[in-house]
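Heads up: numbering here begins at 1 and tracks the sequence.
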Amino acid sequence: MGGRAGLLASGLVWTIAAALAASAVPMVQRWRKGKSSPKDMIRGLATVPQRYMVDVHHAVERRKGAAPMHALVAGGTLAGSVVLAAGVIPALRESRLYWGGVGVFFATAIGGTYLVWKRRNPKKPSWLSGGKFLWLPNALLAWNLGGTLVALVHVAMPGKTGVALVPLAMMAAGGAGLVVQVARGPMRHAFSGVTWLAAHSRPERFGGGRSTDLRPLDLTAPTLGALVPSDFAWNILASFDACIECGRCEQHCPAFAAGQRLNPKALIQGLALSARGEDASAYTGSPAPHAPPTAGKGSMTSPIIGADAVIHPDTLWACTTCRSCVEQCPMMIEHVDAIVDLRRGQTLMLGEVRPGAADALRRLRDTGESGGRPLSARADGLAGENIPVLTEENQTDVLLWLGDGAYELRYARTLRALVKLLRLADVKFAILGEAELDCGDLARRLGDEATFQGLATEVIGTLNNRRFQRIVTADPHALNVLKNEYPALGGRWEVVHHTTFLDELVSAGRLKLDARDLPSVAYHDPCYLGRYNGEFDAPRRLLAAACKTTVEMERHGKQSMCCGGGGGNPVSDVDAELRIPDIRMGQAAEVGAAIVAVGCPGCTAMLEGVPEPRPEVKDIAELVLEAVVPA
């Protein structure tokens, strides 16, 4: 029954598989030109099925209809092809049951192929790319319909398998199209995605884990950061090719929403085009808003950033490093790591930083404070509180790290509320006074690793000469640096956010709250507390205890939107159509919030900068203090 046509069909699958494997060779050769990054690929490949079925799937299913589409088209095509490949075994080709199974798998894939076509028809959504994506459904349909018909002939007309030559020709045409899609088109992610998942730069992220710290840079290396594609590690180059251009990063990027000159999807594609030796015109998705066109053609040794390169400098400096793109990416690409590596190259190798950022960095180097203000003035807003200063001679339970915003009177109100709460709970605490330098967060996000490491070394030396049990701070950016990035440089302490600490005090009964009947309160998750450090619950528990009516904005928790104040954005002279905080306060107003609760001095400053009428902005410490019941 399963004569020559069946054998030809199985052989065709093997031929296409061989062609696909051969098409991957140039990609691998290109990645090998990147920096070394030793990986245990055997162990990594063994983890890919779980990483794909759990972590990737969780991200894919966030977009309605995406998960069924991928399950049908990828599952059906792969299953049908693998089973058909097994038809080289004569006994299988003689079985109608075998051919029935082949037909069912390919027919399932046809349903998925329709969903692939429907995704871009009758009108392509702006976040999806065009180009070769537009004829991908044709190649899939030819392959899967041909496979279905071949199976049907063997089931219904076993004696006339010559009829199967027509669908075989259809399969051959579809298979050739799929090879082109993998070798030169968007389906290259089928191979590069597996490679990236197996050799991920942050394997701790899989299985619900978190890894957000920027890695230290060897300042003695001949090249600092990334200027050309070969400056990236080989697995990072694979991650650029793994981008499937789904546009989720674009949809969730606050800079893109505000019309700043950044589209994270276009940026990753720009990096991939640079490495592949193509120019920016090969990209067929939405560009970075209003970014000037670039004219350069990439190569592994050509500059990536520049008007004559593939990515314009304005794009690089528009990022707030909020990690929303990273959180949304189904391939778990590390956009922020790539951006900071590029910034390191521009800042440390070329000195190409924005004027405002250059001034802030110079002040940091000269005075240890980004505004150039006296360190002794950091605690002026707390002058009336008589807070003890921790010296080398004494000790305390809690070291209160004030942070860069303490010079601002508005943030001083938050700190005064926190200080009152600590005293009500009978907490022994102190500050560093003029010994507190800037933690270096701004310098590190702007790519000035040298200034960051210089500040960090001084701060670590100071803290290692003080005696305390834990550090509490109301600044999530300081929290992130002290807790996650100093350990690699020798500084290890227990560091908690003030909402975490207050939540502990309330849970222990050291602070008693009576929920106040306020207008609706919505909590705005700071990026560096939520996405960076996973603290979503403690602020909400405090709010629930302090306020009777709370509401959630549509974007909250891991999906929350940035205030626009991170990543050095405020000092980087960024052009925009809108202000990010204006968009965020509009989202608060949409859910009827009269008060927006915050837990970050940067968020407070950005959101209070929105013109009225707008919701009132209050730090959670202020709301807790108003609700506390005197002992």
Side-chain angles (χ1 to χ4, degrees), residues 26-27 30-31 34 59 119-120 124-134 136 180-193 195-196 226 228-232 235-253 255-256 260-300 302-319 324-326 328-342:
M27 266 191 293
R30 190 173 64 248
W31 299 339
R119 206 180 188 196
R120 287 177 170 77
K124 180 182 73 63
S126 61
W127 59 83
L128 294 178
S129 295
K132 290 187 175 71
F133 275 111
L134 299 179
L136 173 61
V180 173
Q181 288 277 339
V182 172
R184 305 286 297 174
M187 289 303 292
R188 63 173 60 86
H189 80 266
F191 176 76
S192 51
T195 306
W196 167 236
V228 300
S230 60
D231 290 334
F232 286 103
N235 55 329
I236 304 301
L237 293 173
S239 80
F240 302 150
D241 280 327
C243 173
I244 56 180
E245 304 185 50
C246 65
R248 293 160 198 259
C249 56
E250 173 183 317
Q251 285 183 293
H252 286 79
C253 175
F256 181 81
Q260 295 180 188
R261 296 175 175 181
L262 169 66
N263 179 342
K265 170 181 155 181
L267 182 138
I268 293 297
Q269 282 299 306
L271 289 165
L273 293 170
S274 295
R276 294 201 295 266
E278 301 177 37
D279 61 42
S281 63
Y283 171 62
T284 58
S286 298
H290 311 296
T294 55
K297 183 175 181 178
S299 79
M300 287 297 290
S302 298
I304 298 168
I305 303 297
D308 295 329
V310 178
I311 297 175
H312 196 276
D314 289 358
T315 290
L316 184 62
W317 300 107
C319 177
S324 185
C325 51
V326 179
Q328 294 301 321
C329 180
M331 292 310 301
M332 305 182 77
I333 295 171
E334 293 288 340
H335 306 65
V336 174
D337 284 355
I339 287 170
V340 172
D341 271 344
L342 290 169

Strictly distance-based, threshold 3.5 Å: is any side-chain N or O of [X] a donor or acceptor partner for the main-chain N or O of [Y]?
| X | Y | value |
| --- | --- | --- |
| Ser239 | Ile333 | no |
| Arg276 | Leu273 | no |
| Ser324 | His252 | yes |
| Gln269 | Tyr283 | no |
| Thr315 | Ile311 | no |

Closest contact, heavy atoms only, [X] versus [Y]:
| X | Y | answer |
| --- | --- | --- |
| Ala288 | Ala266 | N-CB, 4.3 Å |
| Ile304 | Ser274 | CG2-OG, 4.1 Å |
| Pro303 | Val228 | N-CG1, 3.8 Å |

Looking at [atom1] of [X] and [atom2] of [Y], how far apart are the two atoms once the value is rounded to the nearest 0.5 Å?
| X | Y | atom1 | atom2 | value |
| --- | --- | --- | --- | --- |
| Lys265 | Trp127 | NZ | CH2 | 10.5 Å |
| Leu316 | Ile305 | CG | CD1 | 5.0 Å |
| His312 | Leu262 | NE2 | CG | 13.5 Å |
| Leu237 | Thr195 | CG | OG1 | 12.0 Å |
| Ser192 | Met187 | OG | CE | 10.0 Å |
| Leu267 | Cys319 | CG | SG | 8.5 Å |

Could you pull out every donor-acceptor pair under 3.5 Å between side chains of residues 243-250 and any protein atom, sequence neighbours left out?
from	atom 1	to	atom 2	distance (Å)
Glu245	OE1	Ser129	OG	2.5
Arg248	NH1	Ala59	O	2.8
Arg248	NH1	Val60	O	3.3
Arg248	NH2	Val60	O	3.1
Glu250	OE1	Asn263	ND2	2.9

Residues that Phe256 engages under ring-ring contact (aromatic ring centres under 6.0 Å, His included), provided they are two or more places apart: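 Partners of Phe256 under the ring-ring contact (aromatic ring centres under 6.0 Å, His included) test: none.
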
Just jot down the salt bridge (Lys or Arg N to Asp or Glu O under 4.0 Å) partners of Asp314, sequence neighbours excluded, or say none.
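So Asp314 forms a salt bridge (Lys or Arg N to Asp or Glu O under 4.0 Å) with Arg261, Arg354.
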
Sequence-distant partners of Arg30, salt bridge (Lys or Arg N to Asp or Glu O under 4.0 Å), two or more places apart: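 Counting only residues at least two positions away or on another chain, Arg30 forms a salt bridge (Lys or Arg N to Asp or Glu O under 4.0 Å) with Asp241.
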
For Lys124, does the NZ atom have more than 12 heavy-atom neighbours from other residues, nucleotides or ligands under 6.0 Å away?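 Yes, enclosed.
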
So salt bridge (charged side-chain N to carboxylate O under 4.0 Å, His left out) across residues 279-292, not counting sequence neighbours, yields none

For residues 281-291, the salt bridge (charged side-chain N to carboxylate O under 4.0 Å, His left out) pairs (sequence neighbours left out) are none

Sub-4.5 Å side-chain heavy-atom contact between Ile236 and Asp341 =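 No, too far: nothing below the 4.5 Å cut-off.
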
message = Parallel, tilted or perpendicular: which one describes the rings of Phe191 and Trp31, with boundaries at 30° and 60°?
response =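 Phe191 and Trp31: parallel rings.
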
